[in-house]
Asks: 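The structure is given below, and queries will be raised subsequently.
Chain letters run A, B, ... following the sequence lines, proteins first and then strands; every chain starts at 1.
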Amino acid sequence: MSESKENLLMEKIVSLCKRRGFIFQSSEIYGGINGFWDYGPLGAELKRNVKEAWWTTMTRLRDDVVGLEATIIMSPLIWKASGHVDTFSDPMCDCLLTRKRFRADQIDPQSGLVFTYSGATDSVSGKEVNDSFSVLLAAGKPPESARKFAVQYYQARGLQSVQLQGECSEKVENTTRFNPENGAQLTEPRPFNLMLQTYVGPIQSEDNVAYLRPETAQAIFAQFKNVYETSRQKVPFGVAQIGKAFRNEVTPRNFIFRSREFEQMELEFFIKPDEVTEAIHGSVAAVAESGHPGDPQPNWGWQAWHRYWVEERVRFYEGIGLSRQTLGFHHQTPTELAHYARACTDILFKFPFSKRDANGDVLGDELEGIAARSDFDLSQHARHSGKGMGVFDEELRTGWGKLTPESQAHLSGKYYESRLKYMLKSGVAPAVAEAAAAEDAQNLTKGHYIPHVIEPSAGVDRLILALIANAYSESTSTDEKGKSETRVVMKFHPRVAPVKVGVFPLMKNKPELVAKAREVYGLLRGQFLAFYDDSGAIGRRYARQDEAGTPFGVTIDFDTLGEKPELLNTVTIRHRDDGSQERVSITELSAWFHARLH
RNA sequence: GCGAGUGUAGCUCAGCCUGGUAGAGCGUCACCUUGCCAAGGUGAAUGUCGAGGGUUCGAAUCCCUUCACUCGCUCCA
């Protein structure tokens, strides 16, 4: 019941997005293209505001984060090092009977008797199906069970009274061509490459295959050294990037929530490994169970930094109108975590299409993931490129000398263990791994280490959808004639609202009002996006702006012109969310808006 | 990738079963009117009926194929 209601809400949102020019289907006049969406005039403004709010908060208002804008196409070696080339192209097989999907490399080899049918006919209609189908039976099982599966298979292909054709059987050993659960035949392994591919240069060959980046983060790791050396930053510091990313999603779904071309806002915040922090400060700060840990401290370890960034990101969402109640959190369990990650907290938004848990509470879908990724990424690029990704820390070098021999042994031992674990997980031969880990541990004592990273990674388009869903509100009113009508108000936070203010002469047919209104419009438009409208009744113009989410309206009336002398050169400001009005002098307008839009 | 549903004006939808000149409401635009919340009047524009093919004298309507969207399954570094 509630599901169809939420469905209806999603449909209304999609419809409004098109009607008002927020979001259009890509290539619509040619029938569209699955998984791609365009932003219309209002959507483009909204998106720009969101990205600007993120960029300002994450870089310009901080001393410890700098920006980067890298290319979408990079050396394919980057994706080899990051693991995307391998993990994005697992061959998959589907069960021909149950349609269950398997990773081809994870099917255990089986042996037994294979029954193959060349096809089947319908004994009633005479219809034929000529697809062959096989079933693997474990030794000792009666052939009837193979026939039962085959009948099911051909029934699923439109036959009713199945007459199997051409049964034959054969003994096979160690085959992976059959569903381990029921013995039914699998499809051929088909590669699943989730990265979009292209060719660099005019000749298309295997040698110049390149990928459109599936995430913006890797460029930050690949350029880590350059940024570090030119930005005069020291660890801890971060590198932020906003940009397009591309994934061949299996199922683009839920409007712009999961699309094939999307935009990310990512921060890689580099921190000292806990061993380094402990060596310098004697201990690593304990982390409170919950709440914001306050301003960054020198003795923070990865846990404090991780919590800090989760809370900072929540503050950001609150600052653009998503209250904590609209958000959800998911702390990834050890089995969900990637092997190199130590923790990952997802910030969720409760979308209309989000699933509910057993208690009926909306779970939410992912807006952002904040991952503690250890030194995995920089280590991978160090190993694959052969270029050093470590940093030198004077404090560590001098601090190290002051440690007791026991502390030194303890810390370098811990560092050795974590480096060794990384190497072994990455498939490095044990002897080589041990030597490399020993070298890393030795370098630590001289002040060298590879930074760890905390990664808050947010989806712009998902956030846009969250803001739109959150802003959407409708009220139904009935007039004196008993005619009821539903009005939509998009309650965007003023900071992200596409249009900031509508400017209206009370009436169009009074040239003095129009002239004054255009004058006020001219005053405001250079400072932020203003929209002038003089067509139709004033109520209609208010309603139009409500639907676009414009937070303020400025109306020029006869008092502005001095009908009541004490109100000369004042205007009415109308508030979108409650329709309330106040009188403000034209000379104070800029300051009035400035205070409410920043 | 599989299964089900949907696709007609900018939006919401009727028309399809039973083939015969493309419709409504809302919105948009223009003019008039309008002294603060989608008022009223007059007029106007807007359709490859998702696309392609077939059947037919004739297809939005029947048949086939295809594309997109929604839902379920699957997938989700």
Asks: Considering only atom P, compute the distance from B:rU48 to B:rC11 and round it to an integer number of Å.
Replies: 11 Å

Asks: Taking only side-chain N and O atoms of A:Lys508, does any of them lie within less than 4.0 angstrom of OP1 or OP2 on B:rC31?
Replies: yes

Asks: For a quick check of understanding: with a heavy-atom distance under 4.0 Å over all strands, which category does A:Arg487 fall into, base, sugar-phosphate or nothing?
Replies: base

Asks: Closest heavy-atom contact between A:Thr71 and A:Ile73?
Replies: OG1-O, 2.8 Å

Asks: Which nucleotide, if any, forms a Watson-Crick or G-U wobble pair with B:rA51, using both distances under 3.5 Å?
Replies: B:rU65

Asks: In this structure, how many angstroms lie between the P atom of B:rC32 and the CE atom of A:Met507, rounded?
Replies: 14 Å

Asks: Could you state the CH2-C1' distance from A:Trp37 to B:rU70, rounded to the nearest angstrom?
Replies: 10 Å

Asks: Hey, does A:Gln581 reach any base, or is it just sugar-phosphate, or nothing, if we go heavy atoms under 4.0 Å?
Replies: base

Asks: Could you work out the separation of B:rG15 and B:rG7 based on their C1' atoms and round it to a whole Å?
Replies: 15 Å

Asks: Decide, yes or no, whether a salt bridge links A:Asp577 with A:Lys491 under the criterion of side-chain N to carboxylate O below 4.0 Å.
Replies: no

Asks: Tell me yes or no: between the side chains of A:His381 and A:Gln218, is some donor less than 3.5 Å from an acceptor?
Replies: yes

Asks: With heavy atoms under 4.0 Å as the rule, sort A:Phe255 into base, sugar-phosphate or nothing.
Replies: sugar-phosphate

Asks: Need one value for A:Gly35: base, sugar-phosphate or nothing, where a base atom within 4.0 Å counts as base even if backbone is also close, heavy atoms only.
Replies: sugar-phosphate

Asks: Taking NZ, NE, NH1 and NH2 as the nitrogens, is one of them in A:Glu547 or A:Arg487 under 4.0 Å from a carboxylate oxygen of the other?
Replies: no

Asks: Check whether any side-chain nitrogen or oxygen of A:Arg20 sits under 4.0 Å from OP1 or OP2 of B:rG27, and answer yes or no.
Replies: no

Asks: Where do A:Val362 and A:Ser354 come nearest, in terms of heavy atoms and distance?
Replies: CG1-CB, 3.7 Å

Asks: Tell me whether the ring of A:Phe558 lies stacked over the B:rG35 base, given a 5.5 Å limit on centroids and a 30° limit on the plane angle.
Replies: yes

Asks: Establish whether the base of B:rC76 is bridged to the side chain of A:Arg247 by a donor-acceptor pair shorter than 3.5 Å.
Replies: no

Asks: What is the distance, rounded to the nearest whole Å, between atom CZ of A:Phe351 and atom C1' of B:rC71?
Replies: 18 Å

Asks: Heavy atoms only, 4.0 Å cut-off, all strands: where does A:Ile538 land among base, sugar-phosphate and nothing?
Replies: sugar-phosphate

Asks: Between A:Asp534 (CG) and B:rA30 (P), how many Å, whole number?
Replies: 9 Å

Asks: Which of the following nucleotides, B:rU28, B:rG35, B:rC29, is nearest to the side chain of A:Ser535?
Replies: B:rC29

Asks: Starting from the C-alpha separation in whole Å, work towards a yes-or-no answer on ring-ring contact (aromatic ring centres under 6.0 Å, His included) for A:Phe552 and A:His575.
Replies: CA-CA 5 Å; A:Phe552 306 110; A:His575 294 257; 5.6 Å; yes

Asks: Distance between the C1' atoms of B:rU33 and B:rG41, in whole angstroms?
Replies: 8 Å

Asks: Would you say the side-chain atoms of A:His384 pair up with the backbone N or O of A:Gln380, donor to acceptor, closer than 3.5 Å?
Replies: yes

Asks: Rounded to whole angstrom units, what separation is found between the CG atom of A:Leu16 and the P atom of B:rU12?
Replies: 11 Å

Asks: What's the closest nucleotide to the A:Thr555 side chain, out of B:rA39, B:rG72, B:rC36?
Replies: B:rC36

Asks: Nearest-nucleotide wise, let me know which of A:Val14 and A:Val488 is further upstream toward the 5' end of RNA chain B.
Replies: A:Val488

Asks: With a 4.0 Å cutoff (strictly under), does any side-chain N or O of A:Asn254 reach OP1 or OP2 of B:rC69?
Replies: no

Asks: Between B:rU55 and B:rC62, how far is it from one C1' atom to the other, in whole Å?
Replies: 8 Å

Asks: Work out how far the P atom of B:rU8 is from that of B:rG52, and round it to whole angstrom.
Replies: 15 Å

Asks: For B:rU70, does OP1 or OP2 lie under 4.0 Å from any side-chain N or O of A:Arg253?
Replies: no

Asks: When the distance from CG of A:Leu367 to C1' of B:rC76 is rounded to whole Å, what number comes out?
Replies: 17 Å

Asks: Has the side chain of A:Arg574 got a donor or acceptor that lies under 3.5 Å from a partner of the other kind on the base of B:rC36?
Replies: no

Asks: Could you give the CZ-to-P distance, from A:Arg544 to B:rC26, as a whole number of Å?
Replies: 15 Å

Asks: Taking the same atom, C1', in B:rG5 and in B:rU42, what whole-Å distance lies between them?
Replies: 44 Å

Asks: Given the structure, check if the side chain of A:Gln25 and the base of B:rC69 hold any donor-acceptor pair shorter than 3.5 Å.
Replies: no

Asks: Would you say B:rU28 has OP1 or OP2 under 4.0 Å from some side-chain N or O of A:Arg540?
Replies: yes

Asks: Charged N to carboxylate O under 4.0 angstrom, A:Lys47 versus A:Asp461?
Replies: yes

Asks: B:rU18 and B:rU61: how far apart are their C1' atoms, nearest whole angstrom?
Replies: 10 Å

Asks: Quick one: label A:Asp557 by what it contacts on the DNA or RNA (base, sugar-phosphate, nothing), any heavy atom closer than 4.0 Å.
Replies: base

Asks: With P as the reference atom in both, quote the distance from B:rA51 to B:rC76 in angstrom, rounded to an integer.
Replies: 37 Å

Asks: Please give, in whole Å, the distance from B:rC69 C1' to A:Ile29 CD1?
Replies: 18 Å

Asks: Starting at the 5' end of RNA chain B and moving along, which residue's nearest nucleotide shows up first, A:Asn509 or A:Lys18?
Replies: A:Lys18

Asks: Kindly say whether, by distance alone, the side chain of A:Thr572 makes a donor-acceptor pair under 3.5 Å with the base of B:rC36?
Replies: yes

